[in-house]
Amino acid sequence: MSEHEQTLFPPPADVASSARISSMEQYRELYRESLDDPDAFWAREAGQLLWRKPWDRLLDWQPPFAKWFVGGQLNVSENCLDRHLKTRGDQTALLWEGEPGEVLAITYRQLHERVCRCASALTELGVQAGDRVILYLPMIPEAAVAMLACARIGAVHSVIFGGFSADAIRERTQDAGAETIITADGNFRRGQALPLKANVDSALAGLDQVKRVLVVRRTGSEISMQSGRDLWWHEVVDSASPDFPPPAFDANHPLFILYTSGSTGKPKGILHGSGGYLAGASLTTKYVFDLRDEDLYWCTADVGWITGHSYIVYGPLAQGATTLLYEGAPNQPAEDRFWDIIERHRVTVFYTAPTAVRAFMKWGRVHPQKHDLSSLRLLGSVGEPINPEAWHWYHQQIGGGRCPILDTWWQTETGAHMLTPLPGATPLKPGSATLPFFGVEADIVDEQGQPVPPHTRGLLVIRRPWPSLMQGLYGDAERYQEVYWSRFPGTYLAGDAATRDEDGYFWVIGRIDDVLNVSGHRLGTAEIESALVDHDAVAEAAVVGRPDEIKGESIVAFVILKGRYQDSPDLRAELRQHVAKVIGAIARPDEVRITPGLPKTRSGKIMRRLLKEITRTGEISGDVTTLDDPQIVDALLGRN
Ligand code: WT7
């Protein structure tokens with residue numbers, strides 16, 4: 001295969017000698033145990049969490065539904081907070097930096113108190129175990145506090161990324177049946193105060209399902225408060241009781257819903273449980289980031305994505321780590337903000353996305369070179385395959401050639417890392433997420449479900465359930481079964497294509513469905529298409545991804561206008577803006593092309609392959625004989 005696979009980066013001796021897993025033999029032994037004797041493996045590993053009642057049975061597997069730690073009881077927030085008070089009460093749990101520059105170190109004791117007050121306030125407001133609570137917040141401490149407070153009272157949080165629009169909030173609020181929303185007046189991004197509360201207000205217009213909106217004051221912007229519904233966080237939380245003993249919940253009590261894009265217009269509500277999810281997030285944090293007391297760990301994701309859930313909040317706090325939360329943009333006030341943060345706080349473990357690395361590359365190495373990054377010992381990558389060029393730059397310019405790069409493959413659905421190197425054990429190959437984590441039986445199969453030989457492209461599957469597997473899609477058992485488990489019964493279909501090399505290393509290629517990966521964020525083409533068709537001028541739309549140097553993929557929309565509309569730059573700009581309004585700025589197409597028709601098969605299916613090729617090369621080389629109207633190709637290529 002390609003030559004970059006030849007280069008192996010063995011773990012540096014100093015990393016290996018101090019790591020929890022310090023050789024491939026040790027990894028293999030534990031990996032074997034995790035598959036051959038899961039009872040022993042999980043009794044030892046998950047047994048380190050605080051269980052209020054031990055489980056009776058490790059797994060109840062009724063495909064496609066898995067229940068882990070059956071009969072066990074725990075409280076997730078107790079595991080992330082109370083459990084550490086004796087040993088780490090005065091250690092910083094959350095180190096927060098606001099975009100304008102404030103720094104706040106919140107100890108475990110303080111975080112515990114804040115979470116208890118929030119739990120008391122929510123309870124006084126009538127929120128109960130099992131109720132869904134929408135969180136639409138900036139990257140401020142209150143985001144973590146609200147998540148943990150929901151966990152403490154057994155309410156199910158659903159965090160909506162702050163970049164999503166009013167329509168997206170409304171859709172998710174309705175789907176989740178939430179009566180409570182926690183938001184802020186606004187958030188700071190690139191020096192500007194962007195509205196959050198105003199978006200919630202428009203989302204809720206005419207919707208009386210939501211009974212209460214708790215509002216954190218962050219930007220101080222002018223907002224309207226609806227009496228009887230809206231309450232200031234500082235008025236109800238700060239004065240609420242700091243005593244809130246954690247109730248014990250069933251190991252399979254739901255913890256959160258997180259919406260993610262699929263191949264239809266409707267986002268999927270990924271539902272995660274308590275014990276299994278926490279075991280997965282906690283164990284991967286322990287072994288992959290190999291955290292120890294001196295570490296300052298920083299994951300740059302937003303809490304609105306699964307990475308923020310598992311690797312800013314739940315995993316690190318379950319491990320008693322110090323986790324850094326940064327509110328703003330990487331280039332505010334300048335392109336060296338991240339390196340400045342690393343230098344000032346002496347960050348040791350840094351976890352970011354390939355799209356960010358490519359942006360750093362574009363901004364130039366002068367920015368990291370201005371700073372002392374010698375505190376770093378491990379680097380992480382997540383969200384898409386990291387191209388070897390970005391890998392080498394990250395390794396050299398940020399890691400000074402000393403720090404292993406942990407390329408972690410996983411998904412919202414998997415809850416925690418699935419394919420990943422271990423820093424002290426796994427020799428790295430740039431671009432490969434390497435080998436399966438403990439308990440993960442990964443494989444690559446052909447269309448019939450048969451394992452493919454090395455270097456052959458196939459479908460990435462997981463052959464048995466693992467603890468942090470989602471519990472299902474909220475309110476849609478059928479879609480859960482259909483999307484993930486119907487192709488190969490009893491086997492989880494990840495939706496990614498991959499190959500494996502002769503060493504068993506996995507090389508993830510990308511999605512097999514109509515899902516784009518834009519800056520590490522998943523966006524369904526169908527969702528963007530339905531946002532376009534929602535505009536009065538649009539008769540039909542087809543969206544494809546085009547490779548993009550920084551974002552991984554950029555969004556190109558082919559649009560057929562209704563007869564009375566005419567192509568114009570203004571209209572195209574309006575359509576792009578319309579998508580941003582309906583879904584959020586992250587979904588705004590980079591380009592809108594007006595076309596008289598779309599390439600379709602005789603059965604009416606849009607041939608995206610052709611559209612992709614046109615956006616990439618401006619040509620069509622492949623077979624067009626199955627097209628219903630071959631003339632459309634000329635029109636798309638601008639030949640008539
Ligand atoms: C999809 C999941 C998991 C948190 C971030 C995204 C792609 C993710 C990698 C990686 C290659 C990756 C896959 C996956 N992906 N990490 N290290 N190498 N591809 O979560 O939004 O649920 O998206 O992201 O295509 O299926 P998500």
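Start at 1 and go down the list; that is how both ligands and their atoms are numbered. This chain uses plain numbering: 1 for the first residue, then up along the sequence. Remember, it's a predicted structure, so these values are computed and weren't measured experimentally.
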Novice: Heavy-atom contacts with Val508 under 4.0 Å: which atoms of ligand 1 show up? List them by number with element.
Specialist: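 Within the 4.0 Å cut-off of Val508, ligand 1 contributes 11 (C), 19 (N).
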Novice: Hey, which of Glu413, Glu527, Glu482 is the one that makes salt bridge (charged side-chain N to carboxylate O under 4.0 Å, His left out) with Lys268?
Specialist: Glu413
Novice: Would you mind running through ligand 1 and noting each atom that sits below 4.0 Å from a heavy atom of Ile306?
Specialist: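 Under 4.0 Å from Ile306, ligand 1 has these atoms: 4 (C).
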Novice: Look up atom CD in Gln411 and atom CE in Met470, then write down how far apart they are to the nearest 0.5 Å.
Specialist: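 The distance works out to 7.5 Å.
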Novice: Heavy-atom distances under 4.0 Å decide this one: backbone, side chain, both or neither, for Leu419 against ligand 1?
Specialist: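 Contact part for Leu419 vs ligand 1: neither.
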Novice: Could you name the option among Arg511, Arg522, Lys268, Glu384 that has the heavy atom nearest to atom 10 (C) of ligand 1?
Specialist: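 Selected option, by shortest heavy-atom distance: Glu384.
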Novice: Checking the N or O distance criterion of under 3.5 Å, is ligand 1 in contact with Thr307?
Specialist: no
Novice: Does either side chain, that of Ser486 or that of Gln481, offer a donor lying less than 3.5 Å from an acceptor on the other one?
Specialist: no
Novice: We want to know whether Thr348 and Asp295 form a side-chain donor-acceptor pair, criterion being a heavy-atom distance below 3.5 angstrom.
Specialist: yes
Novice: When you compare the side chains of Tyr277 and Ser310, does any donor N or O come within less than 3.5 Å of an acceptor on the partner?
Specialist: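 Per modelled atom types, Tyr277 and Ser310 side chains form a pair under 3.5 Å.
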Novice: Please report which non-hydrogen protein atom sits nearest to atom 11 (C) of ligand 1, along with the residue it belongs to and the distance in Å to one decimal place.
Specialist: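 Looking at atom 11 (C) of ligand 1, the protein heavy atom closest to it is Pro385 N, 3.1 Å.
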Novice: When you measure from atom 22 (O) of ligand 1 to every protein heavy atom, which one gives the shortest distance, and what is it?
Specialist: Thr412 OG1, 2.5 Å
Novice: Between Asp496 and ligand 1, which residue portion shows a heavy-atom distance shorter than 4.0 Å: side chain, backbone, both, or neither?
Specialist: side chain
Novice: Can you pull out the closest protein heavy atom to atom 2 (C) of ligand 1? Residue, atom name and distance to 0.1 Å, please.
Specialist: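 Atom 2 (C) of ligand 1 sits closest to the protein heavy atom Trp410 O, 3.7 Å.
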Novice: Any N or O on Thr260 sitting closer than 3.5 Å to an N or O of ligand 1?
Specialist: no
Novice: Taking non-hydrogen atoms only, is Ala433 closer than 4.0 angstrom to ligand 1 via side chain, backbone, both or neither?
Specialist: neither
Novice: Just checking, is any N or O donor in the side chain of Thr414 or Tyr492 under 3.5 Å from an acceptor N or O on the other one?
Specialist: no
Novice: Before accepting this row, confirm whether a basic side-chain N of the pair Glu529/Arg608 lies closer than 4.0 Å to the acidic partner's carboxylate O.
Specialist: yes
Novice: Closest by any non-hydrogen atom to atom 8 (C) of ligand 1: pick that one out of Gly383, Gly552, Ser310.
Specialist: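 Shortest heavy-atom distance from atom 8 (C) of ligand 1: Gly383.
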Novice: For Tyr287 and Thr420, does a side-chain donor sit closer than 3.5 Å to a side-chain acceptor?
Specialist: no
